[in-house]
Amino acid sequence: MDRYDFEKLQRKWKPVWASMGLYRTGTDPDREPFYCLDYFPYPSGAGLSVGHCKNYIPTDVISRKKRMDGYNVLHPMGWDAFGQPAEEYAIKTGTHPSEVTRINTDTYRRQMKLIETSYDWEREINSSDPDYYRWTQYFFILLFDRGLAYQRENDQMWCPSCRIVLSNEEAAGGICWRCNGQVTRKKLTQWFFRITDYADRLLEDLEELDWPEGIKAMQRNWIGKSTGAEVDFAVRNPETGEEYRLPVYTTRLDTIYGATFCVLAPEHPDLERMVTSKQRDRVLEYASAARSRSDLERAAAAEREKTGVFTGCSAVNPFNGEEIPLYVADYVLAGYGTSAIMAVPAHDERDHAFASKYGIPIVEVIAPGGVPQGVSESATVADGQLLNSGRFDGMDSAEARIGMARYAEEMGFGRPDTRYRIRDWLVSRQRYWGAPIPVIHCEKCGAVPDRNLPVLLPEMEDFEPDDSGRSPLARVEEWVSTSCPVCGGPARRDTDTMAGFVCSSWYFLRFASPREDDRPFDPEAVRYWLPVDLYVGGAEHAVMHLIYARFWTKVMYDAGMLDFTEPFAVLKNQGMILGADGQKMSKSKGNVVTPDEMVEKYGVDALRLYILFMGPFEAELEWSEEGIAGTYRFLKRVWTVFTETAGAVTGAEDPDLMAELRYQTARTLKKVTEDIDGFAFNTAVAALMEFVNFLSSSRERAGKAGSLWRESLRRLLVIMAPMTPFMSEELWHRMGFEGDTVFHQPWPYWEEEDLVLDTVEVVVQVRGRIRGRMTVSPEASEDEVRRRALQLDRIVEILDGAEPRRVIVVPGKLVNIIP
RNA sequence: GCCGGAGUGGCGGAAUGGCAGACGCGGCGGACUCAAAAUCCGCUGUCCCUGGCGGACUUGAGGGUUCGAGUCCCUCCUCCGGUACCA
């Protein structure tokens, strides 16, 4: 008998499965499709750690089981290959980003093959491949044609020493994250997608999705729908006597009688007109100082103390005609509502802080539960009954909001309004390594899409950004200079590239027909495979990728290209694997564990099994090398049970053993089947362990189970196969079971009758405390069980002749006696 | 602050309102061995009784519903994740 040699099994079966084409996507149109998709990975230079396995191994188990269940399974893999890290690395090392990408994807692919994930590699895609990004560009034009892509000038964070545009996060505190230099703002023209047009649909359609509640909540939050009203205040300039209409947005119209000042955002477009000459310099200085700071910095400063400047103008409250001062202050955000607010210090904490600092009156107009709370110290934000509110006194907040909006509408100075927090999606990047925006700018015709796709990314040696704030592509004159597709006149190409999230907004469609070369996808294939049945990845893309992909799907649906409106029917997030020290795995902490080293020591099957067993799929868990050693020991035990009992001599049959074996087998099949389907892999593995423990402890009597023993082993191999492919395949052939591979076996099911035992143990409780046990037939009547329980010596002793007041019998489980 | 999730042995965790702690790790004891590794067998929540049999306690804290609560309801505490001047 030879020992369990995982290395030998891996060497033996990998080529066999490869030549069989075991993982090729099914084509039989009569079979039910099942599309099991992992998040589109960005191939980083670090390669895969065991943490990534927490994503890829469970989806692999599901895919393998679904194939054995008779489904056609689409389980593909590809690369979200465009992006800044590859470009940074390229600049640093002088390697071209395409070369960096090729090296990284080779590593990822090798590691994924190492752990034997069953991807159909014939469908591999790469978003930086022109065959792919020409269709990304095609969809850009689709959005452009539908009025959903537009250009707008926008303030961007800019680091003059690094000569790069920074995101708000990268410019925290007004300091560049890389060089610690001072960040400035630069006005740049950027491309946006009009995702705000889809805000309501993105919100409403969340209802139908089988996604984690937390992710749905984050999306709702991100979309941030609020209902309120827009009200026009009249701004008066006391110097000129001029009047301006100033619309403000509020969700608390019920508090408007408490408005004691109004505030403009420093970015308010009409700020210059709503300021007196006396205040002008101070106001403009404040506004420009505020604008030069990052949002983060502003928020942090305003957290400590709110600041603002009086404009010299006043605003008239249309409800009561009161004239109140108008301020500019950076606690009011540009880009939300109307960039101007009415401030009600009595009922809003921020306004309260501002009013207290500048000595502005505070007027209480809401009394929660009819009782005024007093507002000199802090604001009262709860709803309540209105007071000091003229004709609306005594109403409660909710009814007042409706009534006052109606009144405002009748009077013509206001209207009900709905606002969203979500902003249009900024998609242009002044970067080399991305899909070029397929637009040509012509003096005569304006921005015109270039439909001659792909617009190839030009080859560049030096793609480092310069201080112009423009993309490096702007320097390739022969590429930029072109002719207008409409009028044929001289024109220039748009030099921006698209953000990586654009590429990943449609890749799930490409997998349905990845080699289609005259259209982005074959509609027939998409109709068959999509939507994705199971989508799995980390929780970090909760809003960005998932909301963008949902948006694009809806746009394509509107364009008649798809017959569904949601791309991912079921979504699951795997938990992260932390290092053995409880910290996030990272190179700098030196706590990274790679699949390579684990496979080397314990083999692919042990790694796969431990990843599944270490805890719940969604849970964040610490890596433990003792843990994987445990699953490795388990596999050796499996090996021993099979090799020791394979040729067990059939002797006199033992009916008790056979009954027990029948029961244990059925119980295991049921548990493992239901647990895999329910994503409870850890308990599925536990059930396998229990079963193997049982087999192991019975192995000396194996021959007494007749042919049943062999049949139980056969079924065990089939249900283990998705988790431990090498062990299962090897033992399948050693045992001489039929068929070319264990993976072509149908999934085994169980007989319900095998789950019924001859006798069951029933617990006897008195007042909920266990006082005895007895063995009864599962068919025993309630009366019989009750009678027998009351006859137990221990029970008779406790009752001491007393008549039980009540006896509860739970068939097959317990008896509870209440004396 | 708000939203989402979670608190169970020494550790990871398991439990349709019905025997809490499955399975694994770690630990202890034993077998095998010259010895070690590997393997195999047994024990392993806490406390009490000399002890088998037994008894009490125990699922973050406190209340409640129930014959019976880790599980359902209320109040609170702690931790993790997200988000934060969105008017």
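Here is the naming used below: chain letters follow the sequence lines, and residue numbers restart at 1 for every chain. We use all heavy atoms of the structure for the numbers below, so side chains are in, but hydrogens, waters and symmetry mates are not.
When each of B:G82, B:C40, B:C3 is scored by its nearest atom to the side-chain atoms of A:A217, the top-ranked nucleotide is B:C3. You'll find that the side chain of A:T683 is closest to B:A14, out of B:C40, B:A14, B:C19. Counting only heavy atoms from C-beta on, A:E690 has its side chain closest to B:C23 among B:C23, B:G18, B:A84. Taking the side chain of A:Y336 as heavy atoms from C-beta on, and the options B:G13, B:G18, B:A87, the nearest nucleotide is B:A87. The listed nucleotides are B:A87, B:G82, B:A38; the one nearest the side chain of A:L333 is B:A87. Here B:A22 is the nucleotide among B:A14, B:C19, B:A22 with the atom lying nearest to any side-chain atom of A:A686. Taking only side-chain atoms of A:E213, from C-beta outward, the nucleotide of B:G18, B:U83, B:G4 with the closest atom is B:G4.
Secondary-structure stems of RNA chain B, taken as three or more successive Watson-Crick or G-U wobble pairs (i with j, i+1 with j-1) under a 3.5 Å distance threshold, comprise B:1-7 with B:77-83, B:10-12 with B:23-25, B:26-31 with B:39-44, B:45-48 with B:54-57, B:60-64 with B:72-76.
Close placement of the A:Y327 and A:F354 rings is indicated, their centers lying within 6.0 Å of each other.
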### Task
Can you check each nucleotide of nucleotides 52-59 of chain B against protein heavy atoms at under 4.0 Å and return B for base, S for sugar-phosphate only, - for none, in 5' to 3' order?
--SSSS--

### Summary
For nucleotides 63-80 of chain B, 5' to 3', base contacts (B), sugar-phosphate-only contacts (S) and non-contacts (-) with protein non-hydrogen atoms under 4.0 Å give ----BS------------

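The distance between atom CG of A:N573 and atom C1' of B:A6, rounded to the nearest whole Å, is 16 Å. With rounding to whole Å, A:D348 atom CG is found 18 Å from B:G1 atom P.
Within 6.0 Å of CD in A:Q583 there are more than 12 heavy atoms belonging to other residues, nucleotides or ligands.
Base orientation for B:G26: anti, the chi torsion being more than 90° from 0.
Of the N and O atoms on the side chains of A:Y257 and A:N317, not one donor lies less than 3.5 Å from an acceptor on the other residue. Using modelled atom types and a 3.5 Å distance limit, the side chains of A:R806 and A:N816 yield no donor-acceptor pair.
Here A:R786 pairs with A:D783 in a salt bridge; the nearest charged N to carboxylate O distance falls below 4.0 Å. Using a 4.0 Å cut-off between charged side-chain N and carboxylate O, A:K671 and A:E690 make no salt bridge.
Just one residue in the list A:Y610, A:F613, A:W639, A:Y602 forms a ring pair (Phe, Tyr, Trp, His ring centres under 6.0 Å) with A:Y632, and that residue is A:Y602.
To the nearest 0.5 Å, atom CZ of residue A:R794 and atom CD1 of residue A:I770 are 12.5 Å apart. Annotation: the span from A:D270 atom CG to A:L246 atom CG amounts to 8.5 Å, rounded to 0.5 Å.
Nearest-nucleotide positions on RNA chain B for A:E626 and A:S339 put A:E626 closer to the 5' end. Between A:N221 and A:V685, the one whose closest nucleotide on RNA chain B sits nearer the 5' end is A:V685.
Geometrically, A:K572 does not engage A:F617 in a cation-pi contact, judged by NZ or CZ lying under 6.0 Å from the ring centre and within 45° of the ring axis.
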### Query
Can you list the steps and then say if A:F233 with A:F413 is a ring-ring contact (aromatic ring centres under 6.0 Å, His included)?
CA-CA 8 Å; A:F233 280 65; A:F413 57 72; 9.2 Å; no

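Residue contacts shown for A:P616 are limited to sugar-phosphate atoms, with no base heavy atom under 4.0 Å away. Residue-level contact check: A:R633 touches the backbone only, with heavy atoms under 4.0 Å from sugar-phosphate atoms and none from bases. Within the nucleic acid shown, A:D351 has no heavy atom closer than 4.0 Å to any nucleic acid atom.
The base of B:C19 sits with one of its N or O atoms less than 3.5 Å from a complementary donor or acceptor on the side chain of A:R773.
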